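Scroll down for the structure; my scribbles are underneath it.
One-based numbering, in listed order, for ligands and for the atoms of each. Please read all numbers here as calculations on a predicted model, not as lab measurements.
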Amino acid sequence: MSNRAQQPATPSSSAATARDNPLWLQFWRDQRDDFHQAAVNPLLRRFWNGQDLAEGSRVFVPLCGKSLDLIWLLEQGHEVIGIELSPVAVAAFFRENSLKPSRRKIGKFVAWRHDRLTILCGDYFSLTATDLGTVAAVYDRAALTALPEEVRKLYVAHLERILPDTDKIFLLTAEEAETTETVATPPEIAAEVRHLYAEHFDIELTHAETLTEAGEFVDYKLYRLNAHPH
Ligand SMILES: C[S@@+](CC[C@H](N)C(=O)[O-])C[C@H]1O[C@@H](n2cnc3c(N)ncnc32)[C@H](O)[C@@H]1O
């Protein structure tokens, strides 16, 4: 599964995420945030309600950037906790949305808070279950796919460690369409998604669409992952 379509500015592959962190920090300092969406993700708007979460449920948004999806999730009545490496991104999020957060050091993170929203600023791979607390669902847009392919397995393993009781993941991916695909080819679960999640989750491909971007075909897919019964 390629990550190119979702965020073309991804740092080059590296076996350890820590080695990519300086690159992400530099992207934000240089305002190279072309992965940022100027509007709420349309698939989130269209399909989130099917998650069937209780009013006020807590939602985790890993690698959240300054996504407007955080605001939309708050508007649905959720408590939201994001994690983002770059303080430039976190500061931009609050400034651009005219919110005045409090800031407090928690373990290896700085917690920026406003009302029902917390963004922990720091490295996802340092996050503990205690830092995070209980969450009902995960919203992943360009988080898994932001990471080098060899690190994605570690990302999923870490997610399972810090969220042992979370049953639901709403996963959005974008990948370059295979040149062999034809309109008649039914959309399929990407082999990598199956490989990463199938051991612990039932995987449903809820929606797929192919769009043309800069002359290339890009497959957008929405997966709902539901943990196997404990
Ligand atoms: C492709 S962007 C996606 C941001 C957001 N999910 C969105 O939809 O706009 C990936 C984000 O992950 C952040 N990031 C990368 N590695 C991280 C890490 N190890 N811990 C926390 N955040 C990280 C980057 O700074 C960047 O903002």
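- Both Ile71 and Tyr139 are members of a single hydrophobic cluster when ILVMFWY side chains are connected at heavy-atom separations under 4.5 Å.
- At a 4.0 Å heavy-atom cut-off, ligand 1 does not touch Ala143 at all.
- Using a cut-off of 4.0 Å between Lys/Arg side-chain N and Asp/Glu carboxylate O, Glu175 and Lys221 are scored as salt-bridged.
- Checked by atom type and distance alone, the side chain of Gln51 never pairs as donor or acceptor with a backbone atom of Leu53 at under 3.5 Å.
- Proximity of a side-chain donor or acceptor of Asn41 to a complementary backbone N or O of Leu43 within less than 3.5 Å is detected.
- Linking ILVMFWY side-chain heavy atoms closer than 4.5 Å, directly or via other members, places Ile119 and Trp72 in a single hydrophobic cluster.
- Set against the non-hydrogen atoms of Ala146, the atoms of ligand 1 under 4.0 Å away are 1 (C), 10 (C).
- Side chain of Asp33 to backbone of His36: no donor-acceptor contact under 3.5 angstrom is found.
- Residue-ligand proximity: Cys64 is placed with a non-hydrogen atom under 4.0 Å from ligand 1.
- Ligand 1 has no N or O atom lying under 3.5 Å from any N or O atom of Gln37, backbone or side chain.
- The distance criterion of under 3.5 Å between nitrogen or oxygen atoms is not met by Ala142 with respect to ligand 1.
- Under 4.0 angstrom from ligand 1, the non-hydrogen atoms of Trp28 all belong to its side chain.
- Ligand 1 has no nitrogen or oxygen under 3.5 angstrom from a nitrogen or oxygen of Ser67.
- The shortest N/O to N/O separation between Phe125 and ligand 1 does not fall below 3.5 Å.
- Surrounding CD of Glu96 are more than 12 heavy atoms belonging to other residues, nucleotides or ligands, all under 6.0 Å away.
- Backbone and side-chain nitrogen or oxygen atoms of Tyr124 are examined, and one is located within less than 3.5 angstrom of a nitrogen or oxygen of ligand 1.
- Ring centers of Tyr124 and Trp24: at least 6.0 Å apart, outside the cut-off.
- Distances below 4.0 Å separate heavy atoms of Gly122 from the following atoms of ligand 1: 20 (N), 21 (C).
- Not a single N or O atom of Asp69, backbone or side chain, sits closer than 3.5 Å to an N or O atom of ligand 1.
- Polar contact check, Ser86 against ligand 1: no nitrogen or oxygen pair lies under 3.5 Å apart.
- Every residue two or more places apart in sequence or in another chain was checked for a side chain to side chain donor-acceptor pair (under 3.5 Å) with Asp52, and none qualifies.
- Considering Leu144, Leu120, Asp123 only, the shortest heavy-atom separation from atom 19 (N) of ligand 1 involves Asp123.
- With a heavy-atom cut-off of 4.0 Å, Asn21 touches ligand 1 through its side chain alone.
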